[in-house]
> 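There's a structure below that I have some questions on.
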Number of protein chains: 2
Amino acid sequence: MTVTIYDVAREANVSMATVSRVVNGNQNVKPATRKKVLKVIEELGYRPNAVARGLASKKTTTVGVIIPDISNSMYAELARGIEDIATMYRYNIILSNSDQNENKELQLLETMLGKQVDGIVFMSDVISSELLYEMKRSPTPIVLAGSIDDSNAIASVNIDYYGAAYEAMKKLIDNGHTRIAFVSGLFSSKVNKDKLKAYRQALEDASIEVDEQLVIECDNSYDEAIEAVNTLAPQKPTAYFVSNDEMSIGVIHGVEANGKKIPEDVEIISYENSKLARMARPMLTSVALPLYDIGAVSMRLLTKYMNGEEIEEKQVILPYRIEERASTKNA
Amino acid sequence: MTVTIYDVAREANVSMATVSRVVNGNQNVKPATRKKVLKVIEELGYRPNAVARGLASKKTTTVGVIIPDISNSMYAELARGIEDIATMYRYNIILSNSDQNENKELQLLETMLGKQVDGIVFMSDVISSELLYEMKRSPTPIVLAGSIDDSNAIASVNIDYYGAAYEAMKKLIDNGHTRIAFVSGLFSSKVNKDKLKAYRQALEDASIEVDEQLVIECDNSYDEAIEAVNTLAPQKPTAYFVSNDEMSIGVIHGVEANGKKIPEDVEIISYENSKLARMARPMLTSVALPLYDIGAVSMRLLTKYMNGEEIEEKQVILPYRIEERASTKNA
DNA sequence: CTGAAAGCGCTAACAA
DNA sequence: TTGTTAGCGCTTTCAG
């Protein structure tokens, strides 16, 4: 019923090998033969079976993508970067959500290796040691996208999260603030830990006492950010450094609900710079994360591993910038 | 180097068939044998090769997902619903962005069929006749998620877009408006055409003259929505029916920039009800689209096709509701 | 430039 | 309950 390479070979009076050659663009085929084969392929509606091909060649031209949650816009942006480059290199993507659950991550890794993916792009805020162990013994290359492995054992693409946070804090400090709140996402995330470190260091470097009451951990949501502002109110912060755009909008609404003006009374710097940053009122000054690029570069790096190319840089650090808008007073 | 079923069989002194049985949970294996095999599997670190399995069994336990753009939050939400149910049924997902480009869609379909996916979930605002033709001859089941094929030839999951739009318009009309603008996404999209139809019908049913100058087509973006408001200003609309939440925020900003108050001077009803609806000020009254559910139900429907189960309902219509918030005056 | 033939690793009758 | 044996559809030497 389904037409196979054998059917084509028979109809075209050539061997399977020859059909295989024309299908795979091998140049060692006489033009006339190629034409004849192509014609039969067309007539019969032959469609190469990628599974059989994968078994024979040990390459599936598909890569696994393990992502915390595709419905989270940050990850979706990363995923788009990954997919675009994958497509460019003729790979398909098996995409799975892990919800950052370690067991799921482990099991997903296993499943993808079982499916013989040629490579894996992995994203997670925390890389457990067991996960790291499994990644190291993976027969297939793995690269971390926007995710950090302290041991630097796995290839990765990131920005300098610490430096970006430090610079954001510096800007707030330079604007004269001494009561700066940090509304963070979960500290289980390595990136948020880095930001906290930068938060403290920037303050210390400016000889401003670090008040732990000004630091608040939430779940990255708009609602918790509003709550955070209320919790923080007694501390009278005059500026906020916020972990992402959605929370920043929560902070704006929380601050305005308390009758304060932005940026006159309170300044805010966000960290993400998604399109939300421009949709907020006032528009958000935000550390611009090149999410799409992180995804794209990760995938590009992975192709190099898959091709056995020389890798010049195993830990790629992409540049960031701070987009200044109306939530801060600018020079 | 990689350990195969044959290695396990040899080490465990059983046949490949027996190993295959225990790996696949076949009950026809003596417990003692099973245990022995499991032990060897563990020792050797045997991992079944899904590609070989796929070739032999003609099932890959993976489904293809063709989506316009995963970085668009509406589609990301759909995708999450699809993936969750796929996981529940032990399927993996090959995810590809089509950007609604017909050639890409066609080619993606071809690629996925080549990869021998067991089923496909397809999303697109427009289903061309060529695409429809190819879908009909697909050897593998296909279901449309949040997408419409006028001929009803392909299974699909949607809501009553027309009815939802009609109801939204009715609400605006009941609130006394006669100058209602419609800020729509592209009319190439079947869904937007339905909304337009409902827009007109609701007006006609209320004996309000339809003024085509009040209808404006944009690209679904925040920026174009702001522009639309300015373009519309001379028509003096007192209410807006808007195609999605992002555009609605643009409309809010455009309207407020012109010194009008919402909902006192101008009322707005959106269509999506993403988390943006609650993050807007005023919060948006919005037609609530059950995006996640559409994805989930689509995948569930697909599993039925893949299992050869009886399908009671080929065109599934899910319920919607209108979430009333502060952008309209409510009873 | 082309063909023959041996797998790739597994499933699924069919036997035993 | 277990083993034998064909394939699944294709790639890839190796000859010629």
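Letters A, B, ... mirror the listed sequences (proteins, then strands); counts begin at 1.
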> Hey, mind stepping through B:Lys115 and A:Thr61 against side-chain hydrogen bond (donor to acceptor under 3.5 Å, both in side chains) and telling me if it holds?
CA-CA 10 Å; B:Lys115 294 230 168 174; A:Thr61 64; 3.1 Å; yes

> Phosphate oxygens OP1/OP2 of C:dG9: is one of them under 4.0 Å from a side-chain N or O of A:Lys58?
yes

> Salt-bridged, A:Arg300 to A:Asp293, with N to O below 4.0 Å?
no

> Would you mind telling me which of C:dA12, D:dC10, D:dT2 lies closest to the side-chain atoms of B:Ser57?
C:dA12

> Can you tell me how far C1' of C:dT2 sits from CD of A:Gln27, to the nearest Å?
15 Å

> Which nucleotide in the list D:dG9, C:dG3, C:dT11 gets nearest to the side chain of A:Ala17?
C:dG3

> With heavy atoms under 4.0 Å as the rule, sort A:Asn49 into base, sugar-phosphate or nothing.
sugar-phosphate

> For a 4.5 angstrom cut-off between non-hydrogen side-chain atoms, does B:Met88 reach B:Thr303?
no

> State, yes or no, whether a side-chain contact exists between A:Leu95 and B:Ile70 at a heavy-atom distance under 4.5 Å.
no

> Report the nucleotide, chosen from D:dG9, C:dT11, D:dT13, that has the shortest atom-to-atom distance to any side-chain atom of B:Ser20.
C:dT11

> What's the closest nucleotide to the side chain of A:Ala52 if the choices are C:dG9, D:dG9, C:dC14?
D:dG9

> Could you please name the option among D:dC10, C:dT11, C:dT2 that lies closest to any side-chain atom of B:Met16?
C:dT11

> Inspect the contact between A:Glu313 and A:Lys304 and indicate whether a charged nitrogen and a carboxylate oxygen are less than 4.0 angstrom apart.
no

> Among C:dG9, C:dG3, D:dT4, which nucleotide has an atom closest to any side-chain atom of B:Thr2?
C:dG9

> Between atom CD1 in A:Ile5 and atom C1' in C:dA5, what is the gap in whole Å?
14 Å

> Using whole Å, what does the distance between atom C1' of nucleotide D:dC10 and atom OH of A:Tyr46 come to?
7 Å

> Between atom CZ in A:Arg10 and atom C1' in D:dG9, what is the gap in whole Å?
14 Å

> Would you kindly check whether a donor in the side chain of A:Arg47 faces an acceptor in the base of D:dG9, or vice versa, at under 3.5 angstrom?
no

> When all nucleic acid strands are considered with a 4.0 Å heavy-atom cut-off, which category describes A:Asn26: base, sugar-phosphate, or nothing?
nothing

> Using a strict threshold of under 4.0 Å (side-chain N to carboxylate O), is an ion pair present between B:Lys193 and B:Asp125?
no

> Start at the 5' end of DNA chain C and walk down; is the nucleotide closest to B:Leu55 or to A:Val29 reached first?
A:Val29

> Round to the nearest Å and state the distance from B:Arg34 atom CZ to D:dT2 atom C1'.
13 Å

> Grab the CZ-C1' distance between B:Arg53 and C:dC8 for me, whole Å please.
16 Å

> Taking OP1 and OP2 of C:dG3, is either one under 4.0 Å from a side-chain nitrogen or oxygen of A:Thr18?
yes

> Roughly, in whole Å, what's the span from CG in B:Asn28 to C1' in C:dA15?
15 Å

> If you look at every strand shown and take non-hydrogen atoms under 4.0 Å, does B:Val14 touch a base, only sugar-phosphate, or nothing?
sugar-phosphate

> Rounded to whole Å, how long is the line connecting atom OH of B:Tyr6 with atom P of C:dC10?
13 Å

> Using the closest heavy atom to pick a nucleotide of DNA chain D for each, name whichever of B:Arg21 or B:Ala56 lands nearer the 5' end.
B:Arg21

